[in-house]
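Data first, discussion second: the structure below is written as structure tokens.
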Amino acid sequence: MHLPDNVSRLCGRERFSFGCHPKVPCFTECCRELELALTPYDVLRLRQELQMTSALFIERFVVVEQDEDDVWPRLYLGMVDDGRASCPFISESGCRVYSNRPGACRAYPVGRGGLLDANGNVREIHVLVREEHCKGFAEPQDHTAAEWFVNQGLIEYNAINDEVLSLLQHEQVRAGLSLTQEQRAAFFVALYKLDEFRTKVSSAAFQNKYLQDKEESGSVLADDLNLLRFGVRWLKEILFTEKV
Ligand code: SF4
Ligand code: SF4
């Protein structure tokens, strides 16, 4: 795998020195001029933090891109046009959505990639990104990637992202699946527009077709994370075993 000069593989128990806190001289520098891809779980957490519907959050803060050659749309956080392309959530005192900041912000300076193997297990790949503006590498604390992820509250993010990955890298996708407009819309609603998906799942016709009983529908509708997990299972069913 070819990596840019400032990116290196981080293997197993390899340790790196890094710390980030409001007293570092570069505080908030990393929150500008960045391309910040959002996962479905990032959108879920951010819209909860901002107490907005998913639709409003996406309308206000998200750029959606769909390349003709890509199966899935990509979502990015839209940056502010302030001459420095700043994140909309940055303030002088730091991140305004810190407790629900996106997974990529938590993981930085570690990047985590996942590859689905033939048995459906996710093989993790870690890289370390050293950017000139980031002075955190001069801090004395040292970590492995696994320790850093625990320290940054990433365990839940990684778990649900891996569930989504089992859909994104499904063998039928790798075999060249292409989606209809209707299937694309279903993907977007089930993973990103959870309020709309909740309304859809609440209907008797939907429940009769896709849910076993009242207990299952109660559990799916109980919270956004359950709903998102169900969305992944439902999409696999409608995209890979039946035609919408
Ligand atoms: S969400 Fe918070 S941590 Fe992430 S780029 Fe924006 S301000 Fe920085
Ligand atoms: S140390 Fe790195 S991650 Fe922390 S504020 Fe500075 S640039 Fe951002």
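First listed ligand is number 1; within each ligand, the first listed atom is number 1.
Heavy-atom contacts of Gly136 reach the following atoms of ligand 2: 1 (S) (cutoff under 4.0 Å). Contact atoms of ligand 1 toward Pro102: 1 (S) (distance under 4.0 Å to a heavy atom of the residue). Near Cys87, meaning under 4.0 Å from any of its heavy atoms, are these atoms of ligand 1: 1 (S), 5 (S), 6 (Fe), 7 (S). Counting the atoms of ligand 2 from 1 in the order shown, those under 4.0 Å from a heavy atom of Phe27 are 5 (S). In the vicinity of His133, heavy-atom distances shorter than 4.0 Å reach the ligand 2 atoms 7 (S). Near Cys134, the atoms of ligand 2 lying under 4.0 angstrom from a non-hydrogen atom of the residue are 1 (S), 2 (Fe), 7 (S). Proximity to Thr28 (heavy-atom distance under 4.0 Å) selects the following atoms of ligand 2: 5 (S). Per-residue contacts place Tyr108 under 4.0 angstrom from the following atoms of ligand 2 (heavy atoms of the residue considered): 3 (S).
Considering only non-hydrogen protein atoms, atom 8 (Fe) of ligand 1 sits nearest to Cys31 SG, 2.4 Å. Of the protein's non-hydrogen atoms, the one nearest atom 2 (Fe) of ligand 1 is Cys95 SG, 2.3 Å. Nearest to atom 6 (Fe) of ligand 2 among the protein's heavy atoms is Cys26 SG, 2.3 Å. The nearest protein atom to atom 4 (Fe) of ligand 1, hydrogens excluded, is given as Cys105 SG, 2.3 Å; this is a heavy-atom distance.
His126 and Glu14 form no side-chain donor-acceptor contact under 3.5 Å, judged by distance and modelled atom types alone. Side chains of Ser166 and Lys236: a donor-acceptor N/O pair is present below 3.5 angstrom, by distance only. Remark: the Tyr210 side chain and the Glu216 side chain contain no N/O donor-acceptor pair separated by less than 3.5 Å.
Using a cut-off of 4.0 Å between Lys/Arg side-chain N and Asp/Glu carboxylate O, Arg15 and Glu147 are scored as salt-bridged. Under the 4.0 Å criterion applied to side-chain N and carboxylate O atoms, Lys200 and Asp195 are not assigned as salt-bridge partners.
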So Glu124 and Arg112, salt bridge (charged side-chain N to carboxylate O under 4.0 Å, His left out) or not? Walk me through it. CA-CA 7 Å; Glu124 281 188 47; Arg112 176 183 188 265; 3.1 Å; yes
Go through the steps for Trp234 and Phe206 under the test ring-ring contact (aromatic ring centres under 6.0 Å, His included), then give the verdict. CA-CA 11 Å; Trp234 176 70; Phe206 185 99; 5.5 Å; yes
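Of the candidates Phe149, Phe16, Phe18, His143 forms a ring pair (Phe, Tyr, Trp, His ring centres under 6.0 Å) with just one, namely Phe16.
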